[in-house]
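Following: one structure in structure tokens, then a few remarks.
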Amino acid sequence: MKVHLVDGTYELFRAYYAMPSSQNATGIEVAATRGLCRSLITLLREPGVTHVACAFDHVIESFRNDLFAGYKTSEGIEPELWAQFPLAERATRALGIVTWSMVEFEADDALATAAARFTTDPRVTQIVICSPDKDLTQCVQQARVVTWDRMRGNVLDEAGVREKFGVAPASIPDYLALVGDSADGIPGIPRWGAKSSAALLAHFGQIEHIPEDANRWPVQPRGAAALCASLNERRSDAALYKRLAILRSDVPLVESLDDLQWQGADRALLTQLCEEIEDPGLLERVGRFRE
């Protein structure tokens with residue numbers, strides 16, 4: 001069997017910016033929730049989709065904000081989008097999908113935990129993480145754990161991660177620590193770009209293994225001396241940024257693999273939701289309800 005793990009936060013963001021604004025009779029913005037539902041129903045109708053879970057950032061802030069003041073926050077998120085997070089979580093539950101609402105941890109941590117846990121089950125042939133988020137590529141294991149950008153149809157296995165970023169999946173946190181990740185508020189190390197970071201990490205694997213003397217580097221990217229000096233001045237910063245980028249695999253998820261098997265939507269909950277978001281056509285699209 002395949003296990004599909006959905007980045008609900010990404011799906012809701014994508015729907016919000018893809019769908020034209022629409023409010024229900026009470027003036028509540030609901031377009032992104034409609035778009036999310038339709039996207040997930042499409043996934044559920046795909047051949048081979050049997051075990052599914054979806055994770056949301058119930059709050060944007062997490063334990064990482066305690067580690068670094070510059071880490072991403074909810075500041076700047078459109079109020080009409082932010083207000084739909086609780087509605088979106090209700091929607092996925094109404095669709096019968098196991099839903100993880102993260103508070104202390106992030107949605108990515110829940111997905112990483114599930115990928116690490118369920119890939120050890122001999123019944124599982126593949127874990128498919130449904131997200132284009134580069135953070136999640138650190139979870140990739142050969143072709144057994146992959147990421148899938150559903151909008152573009154791109155699947156990244158281990159070879160794909162190496163081709164795209166120039167490093168192995170295990171080195172993605174190091175890569176993000178050096179290059180930076182504006183989406184998460186990780187500034188990166190000055191002078192270090194994608195090419196130089198990939199070149200050094202492809203050889204050394206981890207930031208900690210990069211020598212403090214550039215003369216000991218077997219590869220010499222442009223401006224090697226300046227790169228080395230910049231990193232040496234900010235080794236502690238790089239270690240912190242790497243810690244921020246490493247996804248946790250110890251989120252206390254209570255569901256078993258069997259719990260993730262999709263049994264169909266909850267007719268009563270989905271009917272109520274469809275009335276609230278004024279989209280009765282969703283009921284016909286689902287096609288399968290729990291007994």
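A donor-acceptor distance shorter than 3.5 angstrom exists from the side chain of R34 to the backbone of I277, with no hydrogens or angles considered. Here the side chain of Q84 pairs a donor or acceptor atom with the backbone of T33 at under 3.5 angstrom. Proximity of a side-chain donor or acceptor of S74 to a complementary backbone N or O of I60 within less than 3.5 Å is not detected. Remark: the backbone N or O of R123 is paired with a side-chain donor or acceptor of D121 at under 3.5 angstrom. No side-chain donor-acceptor contact under 3.5 Å links Q263 to the backbone of G96. Using a distance-only test at 3.5 Å, with no hydrogens or angles considered, no donor-acceptor pair links the side chain of D174 to the main chain of Q206. For D57 (side chain) and A107 (main-chain N/O), a donor-acceptor pair under 3.5 Å exists by modelled atom type. Side-chain N or O atoms of T9 include none that pairs as donor or acceptor with a backbone N or O of F56 at under 3.5 Å. A donor-acceptor pair under 3.5 Å links the side-chain atoms of N232 to the main chain of E212, judged by distance alone. Remark: the backbone N or O of D135 is paired with a side-chain donor or acceptor of Q138 at under 3.5 angstrom.
Connection of Y10 to W148 is not established within any shared hydrophobic cluster, with ILVMFWY side chains joined at heavy-atom distances below 4.5 Å, either directly or through further cluster members. Cluster annotation: L44 is not connected to L111 through the hydrophobic network of ILVMFWY side chains, with a link wherever side-chain heavy atoms come within less than 4.5 Å. Linking ILVMFWY side-chain heavy atoms closer than 4.5 Å, directly or via other members, places L244 and V103 in two distinct hydrophobic clusters. Linking Ile, Leu, Val, Met, Phe, Trp and Tyr whenever their side-chain heavy atoms come within less than 4.5 Å puts F68 and I207 in one cluster. Linking ILVMFWY residues whenever their side-chain heavy atoms come closer than 4.5 Å, directly or via other members, leaves L67 and V59 in distinct clusters.
Under the 4.5 Å side-chain criterion, counting only non-hydrogen atoms from C-beta, L270 is in contact with L283. Side-chain atoms of D66 and E61, non-hydrogen and from C-beta on, never get closer than 4.5 Å to each other. Counting only heavy atoms from C-beta outward, the side chains of E11 and C54 never approach each other to under 4.5 Å. In this structure, H51 and Q261 have side chains that are in contact, with non-hydrogen atoms separated by less than 4.5 Å. Side-chain atoms of L282 and R38, non-hydrogen and from C-beta on, do get closer than 4.5 Å to each other. The closest side-chain heavy-atom distance from E208 to K242 is below 4.5 Å. Contact annotation: the side chain of P221 approaches that of L200 to within less than 4.5 Å [non-hydrogen atoms, C-beta and beyond]. Two residues are said to be in side-chain contact when any heavy atoms from C-beta on lie closer than 4.5 Å; K134 and Y175 fail this criterion.
For CD of Q142, the number of neighbouring non-hydrogen atoms (other residues, nucleotides, ligands) closer than 6.0 Å is 12 at most. Heavy atoms from other residues, nucleotides or ligands lying under 6.0 Å from CZ of R243 number 12 at most.
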Go through the steps to decide whether I129 and C139 satisfy the test side-chain contact (heavy atoms from CB on, under 4.5 Å), and finish with yes or no.
CA-CA 9 Å; I129 302 175; C139 303; 3.8 Å; yes
Does E276 form a side-chain contact (heavy atoms from CB on, under 4.5 Å) with V30? I'd like the steps, not just the answer.
CA-CA 9 Å; E276 190 170 340; V30 295; 5.9 Å; no
Assess whether side-chain contact (heavy atoms from CB on, under 4.5 Å) is satisfied between I189 and L227, documenting all intermediate values.
CA-CA 9 Å; I189 303 302; L227 287 168; over 6 Å; no
Might you work through the side-chain contact (heavy atoms from CB on, under 4.5 Å) test for F165 and I172, ending with a clear yes or no?
CA-CA 8 Å; F165 298 103; I172 288 295; 3.9 Å; yes
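Scanning both residues, A110 and L253, for their nearest heavy atoms gives O-CD1, 3.6 Å. Y241 approaches P187 most closely through the heavy-atom pair OH-CG, 3.3 Å. The shortest non-hydrogen separation linking C228 to P211 is SG-O, 4.1 Å. Scanning both residues, P20 and A31, for their nearest heavy atoms gives O-CB, 3.2 Å. Heavy atoms only, all atoms of each residue included: H58 and W82 are closest at O-CH2, 3.7 Å. Shown here for F105 and P252, the closest heavy-atom pair between the two residues is CE1-CD, 3.8 Å.
Here the CH2-CG distance, from W192 to L201, works out to 7.0 Å after rounding to the nearest 0.5 Å. If you take OG on S21 and CD on E29, they are separated by 3.5 Å, rounding to the nearest 0.5 Å. One distance of note links CD1 of I127 with NZ of K2; it measures 11.0 Å at 0.5 Å rounding. Residue T137 holds its OG1 atom at 11.0 Å from CD of E158, rounded to the nearest 0.5 Å. Atom-to-atom distance recorded for L43:CG and L95:CG is 10.5 Å, nearest 0.5 angstrom. Interatomic distance, L231 CG to R191 CZ, rounded to the nearest 0.5 Å: 12.5 Å.
Between R285 and D279 no salt bridge is recorded (no basic side-chain N to carboxylate O distance below 4.0 Å). Between R152 and D149 there is a salt bridge, since a side-chain N of the basic residue sits under 4.0 Å from a carboxylate O of the acidic one.
Annotation: cation-pi geometry satisfied between R248 and F63 (NZ/CZ under 6.0 angstrom from ring centroid, within 45° of ring axis). A cation-pi contact links R267 to F289, judged by a cut-off of 6.0 Å to the six-membered ring centre and 45° from its axis.
Residues satisfying the side chain to side chain donor-acceptor pair (under 3.5 Å) test with S256, not counting sequence neighbours, are D259.
For the residue pair R117 and T113, no side-chain donor N or O sits within less than 3.5 Å of a side-chain acceptor on the partner. R150 and T42 form no side-chain donor-acceptor contact under 3.5 Å, judged by distance and modelled atom types alone.
Here side chain to side chain donor-acceptor pair (under 3.5 Å) pairs that include residues 97-107, with residues two or more places apart or in two chains, are S62-E106, R64-E106, Y71-E106, K72-E106, E89-S101, T92-T99, R93-S101, W100-E255.
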